[in-house]
Structures are given as C-alpha cells and as structure tokens.
Amino acid sequence: MHYIGIDLAWGEKAPTGLAVVDAEARLLHVSAVRTDDDVVAALAAYDGDCLAGIDAPLVVKNEKGSRPAEQALSKDFRRFDAGTHPSNTGKPEFANGTRGARVAKRLGLDIDPRSGRRRRAVEVYPHAASIVLFDLPKVLRYKAKPGRDLELLRSELLALMGHVEAVVRTDETWAALRTLVETATQKAQLRRVEDQVDAVLCAYVAWFVDHRPDDVTRYGDLDTGYIVTPTLGTEPVAVTHAEVVRRAVRGYAAGHDDLVRAGENAVALVRGLLDEAGINYLSVTGRTKTVASFAEKAARTAAGRPLYDDPTTQITDAVGVRVITYVRDDVDAVADVLAEQVTVTDDRDLGQETASEGRFGYASRHLMVDLGGRSTQVQVRTVLQHAWAEFEHDIRYKGTVPDIHVGEFDRRFTLAAGLLELADREFSEIRERLRGATPAVGVVGDATADDDPRLDPRELAAYLAGQYSDAGWSRTDHYGWIAGLLLELGTTSFDELGEVLREADDATIAARMDYRHPPGAVRRLDDALLWVFGDRYVGLHQNAHRRPLLAQRLERLRGTP
C-alpha cells in the first residue's frame, strides 16, 4: 500500500509537488513537476493499491463564494490563520471542472471519500492538518507574501520540515531539499522546495486517514465538494522538539539532587577502587551536569536537526568522573581496574581513534560504567592530555576565534598535541627507570612532629623504595596513612617493620594476588601486612571503611577457592 501526496497547482504553469510514502511512513519519492503528463509519468511506478491526498479542489459546483466544505473548515481553523481560499466555478480554473479530478482520473483514482476501491483519492488541506498533527498555535508562515523576508520564510519552512521529519522517515533527497533551504539566497529557491514539502505532508495525511479513520473529519460531501483532515483536538502525532526538550529538562531538574548525590558516590567509589588497587593518580574529581547545561545540550542541533531526539536517554554524561594520571600506562591501569570491579558498557580510547586517522589531537579514555544502576561517564587521561584538552576547549568553544586564524590555530594545536604525546612517552620512560627510587613525600599534617609516634612518612617512603624496588610510586598521602595502620599494629620502628616483613612470602603474595599492573609500594606493604596479621589487620579501626574488600583479599592470599 502506497500513500501519495500531490500538492497540485491550480494551473500547469506553477510547480506541483509529488511525494510517496509506504505503510511504515518511509519516504519513497519526492519531486516537483508541472504538467499533468509529468504527474502521471512521475507516479507511474506506483500503480498498485494506494490512497492519494490531493491538495487542490476535486469537486467545485458553486458559482460564487466558497464551497460549503471550505466554509465549515474555515470556521474551525480560522483562529489558527488556517482558513481556505474560496473555490467557485466563476474562476477560470474551475469553469470546466477541476484539474484535481482530471489528474485523479488519469491516475485511476476514485475520488469518492467513502470508496473502498484499491486506488482512491481524497482532498486534503496541509495548513489545517499541520495545526492538528503538530499542535501548532498558528499556521507556519513559509509561504511568500508581502512583508515576509527571506530569513522568516527560511526559518518557518525549516520548522515545518522538522515537524514532518518527526512523522516521516525521510531520505537523501529530502536531506538535499533541507540543504537547499539552509543555503538559499533568494525566495524563489525556497518556493521550489515548499511544494515538495507540502506534498510529503499530503502523503502523510493520506497515511493518517487510512491508519486512524476515527480521528479524521470530513467537511462537506461528494456532491458539493469535501475536505478531509485530522480532527481538531486530536492528540498530536508528533511532539515538537522544543516540547521534548522542555519535558526532558523538567524531569532532569526534578531528579537533580539525586544525581548530585550519585556523582559524589561515584567519585568516592572510583577513588576507593584505585586506592585499593594501589594505582598512583593525580586526582579523581566529579561533576553532575547542571540543569542549565543539560538544557543547552538537549536543545543542540546540527544542520537544522536535533542532535538528541530523546535527551533523557541519549545524554549519558549527566554524571561524570574524571581521573587524571601522571603517565599513559596508568590510564590503561585505571581502565583495567574499573573493568574488573564494575560493569563497563562502553570503552572508547579517543587518542587511539585520533592516531588511527594519522592525526594528533584530543586524547582521553572514555568509559561508560554502571555504578549503582546509573550510567556514569568516566574520563581517564594524563595530566598533559588534560592540560591540552582544557586549553583547547577554552579557546575553541568558549572563546571567539576569528576566521582568519582558524587554520593557523588548527596547526598549532596539532603541533602541541604531538609534542605532548612525545612528553608523555618520556615521562613513562623516566618513571620506569626510577622505579624503586625514593619518591618525594611532603609533610602530611604534623606527621614529623616530635610527639608523633608514627614512622615518618618520608622515611617510610625511602624504606619501601628499597624493600620493593620493582614497585611503582604511591600517592604521597598514602605513606602517612599506612604509617597510621602500622601504629595500630604497634609497629613504630623500622627494625620492628623489618621483623614483620620477614614473615611475608612476597613471591606467594604476588602469585595469589596476580597483579595485572605494578602496584605502588604502599599497596605491596598493605598486602604484606594482611598476609602476616590476617583477621587482626582486617579489624583495625582505620580499615573499617574497607573491611569487605580486605576480607576478599585475605581469602585470595590464603588460597581460598
């Protein structure tokens, strides 16, 4: 079954728009022709079952004024500026019958609105139909009339096209029409498109008449002329994108407090997982997109079309966590830890994607993870990648780059990205060569005060660098933290610590923990203490927040299946 739309000019000098959609409302054909012969030739391929919606009078018998159908429809739709033009036999176009009836006859279409034949046609009126279908307050002003400039006509026609795209699955030909509208420099260029857009709308009205007959009103009758259109007051078939955005923003605002809490929990969870894995990182931060930021993103368009048909489900970065590491190897380590501990639904290495295209540029690992049943975006990148991304975003998207500088800035950003990639590689090499050397540990609180019984964090860092020469660096604050755990165990000297570590079987610990990436020295000591003290270590006061994780690790150390 095909549904044909004919935006028929009253005379053969003006263009006529033609369109065809199928039973799934997919656009199969759209074109503009002039003569009756052209109409028949263009639609010859669609000679099977069909219902045509023709925007032109099919029956005109009154000698003057308007047909009864036009009067009745205008009474209902005049407040929307969607009244009809009068048709009567006093006009030359209708003195010898109607062009609409002649074209319908040549196409083998029965114009009786009550007909059950396989090929039939009904008279439709796109202006009235658009009011109902798209819930418009007034008819769109895309028809060229005095006082309407090019930009108004363009914006109104694009608005109509956007509405049609919400109910008809359009094709490449339609996309080309949209481009013509967007680039038009004269009203005549828009005129060549509007008839075809109207024809697609006529085809959809025919589809609507066939699929939802209870929601259709017929004004007039076959004897005096009739018009078929969706019934005024019917639920719109397509909600405007502006309304979609409004609903999405309202829903987002209502749940924003919960999202903020979810963001805080996500940061704490990711930080805890990385600390537990002994990964050294610069920072773990998070943010929950503000209501204003969500609204701005939800309303974005590209080439005049919405980027997000369903912002609530398609905008996936409402809650975000960002992990900044020192070197590139740790980016992969962070991704591995997350993959082991939480569900990762998507993992994109944008740096690799850029490199595969033979370019230098934005580099960051983006993972979509399920944290507590909520989708959360986790960005992982090095401090140098972060600096480039923040500066580039600030210049390109928040500032104004004069057109004359765009090419030069592209080249300079590319050059900077290449240099930073080289620097990242060198930093990784430096760390590898210094693995086991003493990291710089600053003073944490009053850890070096004379009355602090803990091991000095800086001295502990030096001691562990020698004890675990193949270990990676740990976060500086973790040396003070592990010194506090040692104090709870009654270990306050390096001699005592040495005695404890002699009881640890480093080879068995490493085998049973099966480290997938080199853990920091503090993590190595943490596992050694767990090996030696077992349940006592798990029960320490400072371990209260991580007892379940420690208990799982203890089972692994003990070789428990």
Side-chain angles (χ1 to χ4, degrees), residues 263-286 320-327 329-342 344 365 367 369 371-372 376 378-383 386 431 435 439-442 444-445 447 454-455 457 460-461 464-465 467-468 471-489 509-510 513-531 533 537-557:
E264 294 169 350
N265 292 336
V267 170
L269 176 59
V270 171
R271 185 180 291 130
L273 292 175
L274 300 186
D275 289 346
E276 179 69 14
I279 294 178
N280 191 20
Y281 56 86
L282 175 63
S283 63
V284 177
T285 58
V321 176
R322 180 174 291 156
V323 181
I324 308 298
T325 70
Y326 289 101
V327 295
D329 292 345
D330 286 340
V331 172
D332 295 334
V334 170
D336 288 343
V337 168
L338 292 176
E340 293 169 0
Q341 300 295 331
V342 298
V344 177
R365 189 89 173 257
L367 300 97
V369 301
L371 299 180
T376 302
V378 180
Q379 296 181 0
V380 191
R381 56 196 187 211
T382 69
V383 64
H386 179 62
R431 189 180 73 167
R435 192 177 293 280
V441 178
V444 181
R454 292 182 296 172
L455 294 175
L460 179 58
L464 294 180
Q467 179 71 25
Y468 304 113
W473 298 339
S474 294
R475 288 177 55 80
T476 55
D477 57 321
H478 285 183
Y479 292 98
W481 166 75
I482 201 76
L485 288 170
L486 288 169
L487 180 62
E488 276 200 72
L489 292 169
I509 292 173
M513 295 310 296
D514 188 24
Y515 301 120
R516 294 187 58 184
H517 34 75
V522 170
R523 169 60 190 267
R524 293 285 297 275
L525 175 58
D526 195 34
D527 283 338
L529 296 176
L530 187 59
W531 172 278
F533 294 101
Y537 188 67
V538 175
L540 294 180
H541 175 71
Q542 292 187 70
N543 282 330
H545 67 288
R546 59 183 191 132
R547 281 179 188 145
L549 287 174
L550 283 176
Q552 293 176 12
R553 281 167 53 190
L554 182 57
E555 289 182 1
R556 293 177 64 184
L557 288 176

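These values consider heavy atoms only, across backbone and side chains, with no hydrogens, waters or symmetry-generated copies.
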Backbone of [Y] reached by a side-chain donor or acceptor of [X] within 3.5 Å:
X: S474; Y: V522; answer: yes
X: N543; Y: Y537; answer: yes
X: R454; Y: G480; answer: yes
X: E488; Y: H541; answer: yes

Contact between [X] and [Y] at the side-chain level, heavy atoms closer than 4.5 Å - yes or no?
X: L540; Y: L485; answer: yes
X: V270; Y: V369; answer: no
X: T285; Y: V267; answer: no

For a quick test of reading the model, state the closest non-hydrogen atom pair linking [X] to [Y] and the distance between them.
X: L530; Y: L550; value: CD2-O, 3.8 Å
X: V344; Y: A339; value: CG2-CA, 3.8 Å
X: L455; Y: A483; value: O-CB, 3.6 Å
X: Q542; Y: W481; value: OE1-O, 4.1 Å
X: L367; Y: A335; value: CD2-CB, 4.1 Å
X: A266; Y: T376; value: CB-CG2, 4.3 Å

Quick check for you: to the nearest 0.5 Å, what is the distance between [X] atom [atom1] and [Y] atom [atom2]?
X: D527; Y: Y515; atom1: CG; atom2: OH; value: 3.5 Å
X: T382; Y: D329; atom1: OG1; atom2: CG; value: 11.0 Å
X: Y468; Y: L525; atom1: OH; atom2: CG; value: 5.0 Å
X: R523; Y: M513; atom1: CZ; atom2: CE; value: 4.5 Å
X: T325; Y: R365; atom1: OG1; atom2: CZ; value: 11.5 Å
X: D526; Y: R553; atom1: CG; atom2: CZ; value: 4.5 Å

**Request:** Applying side chain to side chain contact (heavy atoms under 4.5 Å, CB included), run through I324 and R381 and close with a yes or a no.
**Result:** CA-CA 5 Å; I324 308 298; R381 56 196 187 211; 4.0 Å; yes

**Message:** Go through it in stages, so that I can follow the logic: the residues are Y479 and L464, the test is side chain to side chain contact (heavy atoms under 4.5 Å, CB included), and I'd like the CA-CA distance, side-chain angles, deciding distance and then a yes or no.
**Reply:** CA-CA 10 Å; Y479 292 98; L464 294 180; 4.2 Å; yes

**Asked** Checking side chain to side chain contact (heavy atoms under 4.5 Å, CB included) for the pair D514/R556: CA distance, chi angles, key distance, verdict?
**Response** CA-CA 10 Å; D514 188 24; R556 293 177 64 184; 4.2 Å; yes

**Trace of the side chain to side chain contact (heavy atoms under 4.5 Å, CB included) decision for Y281 with D275** = CA-CA 9 Å; Y281 56 86; D275 289 346; 2.8 Å; yes

